[in-house]
Amino acid sequence: MRTDQPAPPGGGLRPDVHTGKVALVTGGGTGIGRATALDLAAGGARVVICGRRPEPLAEVADQIEALGGSCVTVSADIREEGSVTTVVGHALEAFGPVDVLVNNAGGQFTAPAEEISPGGRRAVHRLAVDATWAMTREVARRAMIPQRSGAVFFIAFSPRRGIPGFAHAASARAAVENLAAGLSLEWSRYGIRTVCVAPGTIATGGLDDHYTAEDRERWERSVPLGRLGRPEDVSGLISFLASPRAPTSPAPPLWSTAERTPGVPGTPCPTSPRRNPTSPRRTRPPRTTHDPLRH
Ligand SMILES: CCC/C=C/C(=O)SCCNC(=O)CCNC(=O)[C@H](O)C(C)(C)COP(=O)([O-])OP(=O)([O-])OC[C@H]1O[C@@H](n2cnc3c(N)ncnc32)[C@H](O)[C@@H]1OP(=O)([O-])[O-]
Ligand SMILES: NC(=O)C1=CN([C@@H]2O[C@H](COP(=O)(O)OP(=O)(O)OC[C@H]3O[C@@H](n4cnc5c(N)ncnc54)[C@H](OP(=O)(O)O)[C@@H]3O)[C@@H](O)[C@H]2O)C=CC1
């Protein structure tokens with residue numbers, strides 16, 4: 001099978017596969033979230049996307065509408081108290097009950113574990129774990145539990161055993177993965193499926209902005225296919241799993257789009273330059289290039 005072909009639009013699914021559904025994608029303005037919003041819309045879903053910056057959201061909405069779909073954007077920082085309620089309120093008001101929630105918003109910096117401050121760890125967990133749970137609970141209570149159906153997606157990391165430089169972020173995703181597994185058992189009584197997708201390393205703007213070319217080359221070498229994944233690899237899987245074709249009975253709660261060679265002791269931390277080099281936080285001790293796992 002050729003693996004370098006462009007991904008088919010809509011993940012190759014029928015253009016009416018999601019007709020009548022409402023999907024909410026957090027972080028839907030860029031990368032994996034953008035591809036997911038486009039794929040779900042290509043299948044006929046009406047889509048709500050949120051993120052902090054309005055510009056990328058507007059671009060995605062324009063793209064969806066140009067293809068004949070419907071998209072509402074909500075600019076919000078979902079870590080802030082109240083913003084989750086606002087986002088869900090907008091979704092319900094615009095399109096009615098949400099059928100598909102994709103908890104995609106997330107991010108982190110990389111640093112040797114011992115240099116991650118409590119505030120840095122907290123910043124990452126507030127987004128990956130707390131905001132994700134707040135969004136899931138809000139959508140479940142206001143839409144999915146009352147209508148006794150729904151599909152909730154979570155994004156984890158692969159490899160799943162821990163990643164050097166990501167002690168805070170990988171542990172946050174482990175929490176999310178466990179949440180998906182627990183909810184899939186608990187909420188099956190409401191007809192709600194909860195699924196965790198663990199992408200490998202996916203070539204997105206987020207990856208380009210936050211990691212060096214050297215990190216990227218090393219990641220590419222670690223992928224058996226020899227190339228990074230595409231956002232459409234992940235969005236196509238999510239679109240399929242949100243469709244009626246997806247397995248419904250005790251669905252495996254974790255799906256992986258790619259597996260990388262697991263980090264072995266000695267794998268150096270990726271470097272993560274700050275986006276704004278004039279940031280006052282640059283005054284912290286320079287990040288070392290030492291290998292935290294090598295004695
Ligand atoms: C397989 C895995 C591959 C995954 C790839 C992807 O996910 S690609 C997707 C990639 N996309 C993304 O990753 C999305 C973009 N990422 C982000 O927006 C940020 O990384 C964020 C999620 C932490 C946002 O947090 P925010 O706006 O709240 O940040 P803030 O500036 O207010 O700082 C809060 C705390 O964090 C600390 N701190 C921050 N940076 C560093 C650093 N480099 N070093 C050390 N520490 C750092 C900072 O000092 C402070 O702690 P303190 O001083 O109070 O103790
Ligand atoms: N690319 C990869 O290799 C992998 C990515 N992932 C995860 O997949 C998800 C998407 O990543 P990717 O597309 O690569 O990266 P991006 O950085 O492009 O996507 C992150 C999205 O989340 C939004 N976001 C971030 N913080 C907040 C916030 N506080 N409130 C609302 N929205 C927010 C961002 O928009 P804005 O900045 O405007 O708020 C952005 O649209 C992330 O959770 C990432 O960690 C997981 C494994 C691998």
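Just so you know, ligand 1 is whichever comes first in the structure, and atom 1 is the first atom listed for that ligand.
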Colleague: Any chance you could measure Ile155, atom CD1, to Thr26, atom OG1, to the nearest 0.5 Å?
Modeller: 8.5 Å
Colleague: Identify, by atom number and element, the atoms of ligand 2 in contact range of Ala156, meaning under 4.0 Å from any of its heavy atoms.
Modeller: 46 (C), 47 (C)
Colleague: What atoms of ligand 1 come closer than 4.0 angstrom to any heavy atom of Ile163?
Modeller: 1 (C)
Colleague: Below a 4.0 angstrom heavy-atom separation, can you tell me which part of Thr110, side chain or backbone, both or neither, approaches ligand 1?
Modeller: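 It is neither part, as no heavy atom is under 4.0 Å.
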Colleague: Measuring from Arg53:CZ to Thr73:OG1, what's the distance to the nearest 0.5 Å?
Modeller: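 These two atoms lie 13.5 Å from each other.
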Colleague: Using a 4.0 Å heavy-atom threshold (strictly under), name the region of Arg173 that reaches ligand 2: side chain, backbone, both or neither.
Modeller: side chain
Colleague: Between Asn103 and Thr136, is there a side-chain donor-acceptor contact under 3.5 Å, judged purely by atom types and distance?
Modeller: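 Yes, a side-chain donor-acceptor pair sits under 3.5 Å.
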Colleague: Against ligand 2, does Ala169 come closer than 4.0 Å with any heavy atom?
Modeller: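 Not so, Ala169 does not reach ligand 2.
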Colleague: Please state which option from Ala111, Ala105, Ser117 has its nearest heavy atom closest to atom 55 (O) of ligand 1.
Modeller: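 Ranked by closest heavy atom to atom 55 (O) of ligand 1, first place is Ser117.
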Colleague: What's the spacing between Phe153 CZ and Leu101 CG if we round to 0.5 Å?
Modeller: 9.5 Å
Colleague: Would you tell me which option among Thr30, Val87, Thr201 has the nearest heavy-atom contact to atom 18 (O) of ligand 2?
Modeller: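 Among Thr30, Val87, Thr201, the closest heavy atom to atom 18 (O) of ligand 2 comes from Thr30.
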Colleague: Give the atom numbers and elements of ligand 1 that come within less than 4.0 Å of a heavy atom of Arg79.
Modeller: 24 (C), 25 (O), 26 (P), 27 (O), 28 (O)
Colleague: Check each atom of ligand 1 against the heavy atoms of Gly206 and keep those under 4.0 Å away; list them by number with element.
Modeller: 10 (C)
Colleague: Name the residue from Gln147, Arg46, Lys21 that meets the side-chain hydrogen bond (donor to acceptor under 3.5 Å, both in side chains) definition with Asp99.
Modeller: Gln147
Colleague: Which of the numbered atoms in ligand 2 are under 4.0 angstrom from any heavy atom belonging to Ile32?
Modeller: 5 (C), 8 (O), 13 (O)
Colleague: Are Thr26 and ligand 2 in contact, using a heavy-atom cut-off of under 4.0 Å?
Modeller: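 It does not, in that no heavy atom of Thr26 comes within the 4.0 Å cut-off of ligand 2.
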Colleague: Is the closest heavy atom of Gly200 to ligand 2 under 4.0 Å?
Modeller: yes
Colleague: Between the candidates Gly206, Cys50, Gly106, which shows the shortest non-hydrogen contact distance to atom 20 (C) of ligand 2?
Modeller: Gly106
Colleague: So, regarding Pro199 and ligand 2 (criterion: nitrogen or oxygen to nitrogen or oxygen, under 3.5 Å), is there a contact or not?
Modeller: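 By distance alone, the answer is no.
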Colleague: Using a 4.0 Å heavy-atom threshold (strictly under), name the region of Ile155 that reaches ligand 2: side chain, backbone, both or neither.
Modeller: side chain
Colleague: Do the side chain of Arg193 and the main chain of Leu241 share a donor and acceptor less than 3.5 angstrom apart?
Modeller: yes
Colleague: Do other residues, nucleotides or ligands put more than 12 heavy atoms under 6.0 Å from Glu214 CD?
Modeller: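 For Glu214, atom CD is not crowded (no more than 12 foreign heavy atoms under 6.0 Å).
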Colleague: Have a look at Gln108, Arg121, His210 and point out the one with the heavy atom closest to atom 7 (O) of ligand 1.
Modeller: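 It is Gln108 that holds the nearest heavy atom.
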Colleague: When you compare the side chains of Thr212 and Asp215, does any donor N or O come within less than 3.5 Å of an acceptor on the partner?
Modeller: yes
Colleague: Using a heavy-atom cut-off of under 4.0 Å, does the side chain or the backbone of Ala76 touch ligand 2, or both, or neither?
Modeller: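 Near ligand 2, Ala76 shows its backbone, while the atoms from C-beta on stay back.
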Colleague: Check whether Ser83 reaches the backbone of Asp77 with its side chain - one donor and one acceptor, N or O, closer than 3.5 Å.
Modeller: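 Judged by distance alone, yes, a pair lies under 3.5 Å.
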Colleague: Select the closest option to atom 1 (N) of ligand 2 among Val102, Ile49, Ile202, judged by heavy-atom distance.
Modeller: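 When every heavy atom of Val102, Ile49, Ile202 is considered, Ile202 comes closest to atom 1 (N) of ligand 2.
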Colleague: Compute whether any side-chain donor of one residue and acceptor of the other, for Ser239 and His18, lie under 3.5 angstrom apart.
Modeller: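 The answer is yes; a qualifying pair exists.
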Colleague: Measuring from atom 40 (N) of ligand 1, which candidate in Phe157, Phe109, Phe166 has the nearest non-hydrogen atom?
Modeller: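 Nearest heavy atom to atom 40 (N) of ligand 1 lies in Phe109.
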Colleague: What atoms in ligand 1 come closer than 4.0 Å to a heavy atom of Gly107?
Modeller: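 Here the atoms of ligand 1 in question are 12 (C), 13 (O), 14 (C), 22 (C).
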Colleague: Can you confirm whether Val22 sits close enough to Val100 that some side-chain heavy atom of one is under 4.5 Å from a side-chain heavy atom of the other?
Modeller: no
Colleague: Roughly how far, to the nearest 0.5 Å, is CG of Leu179 from OG1 of Thr132?
Modeller: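 It is 8.5 Å, given to the nearest 0.5 Å.
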Colleague: Which distance, rounded to the nearest 0.5 Å, do you find between the SG of Cys71 and the CG of Leu40?
Modeller: 11.0 Å
Colleague: Look only at interatomic distance and state if Leu127 has a nitrogen or oxygen under 3.5 Å from any nitrogen or oxygen of ligand 2.
Modeller: no
Colleague: For Gly205 and ligand 2, does the shortest N/O to N/O distance drop below 3.5 Å?
Modeller: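 No - when backbone and side-chain N and O of Gly205 are compared with those of ligand 2, no distance drops under 3.5 Å.
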Colleague: Applying the side-chain hydrogen bond (donor to acceptor under 3.5 Å, both in side chains) criterion to Asp130, which one of His125, Arg79, Arg122 satisfies it?
Modeller: Arg122
Colleague: Is Ala128 touching ligand 2 with its side chain, its backbone, both, or neither, if touching means heavy atoms under 4.0 Å apart?
Modeller: neither
Colleague: Specify side chain, backbone, both or neither for Asp77, according to which of its non-hydrogen atoms lie closer than 4.0 Å to ligand 2.
Modeller: both
Colleague: If hydrogens are left out, which of Ala156, Pro112, Gly120, Gly200 has an atom nearest to atom 51 (O) of ligand 1, that is, the closest non-hydrogen atom?
Modeller: Gly120
Colleague: In terms of hydrophobic clusters joined by side-chain contacts under 4.5 Å, are Val139 and Val102 together?
Modeller: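 Different hydrophobic clusters.
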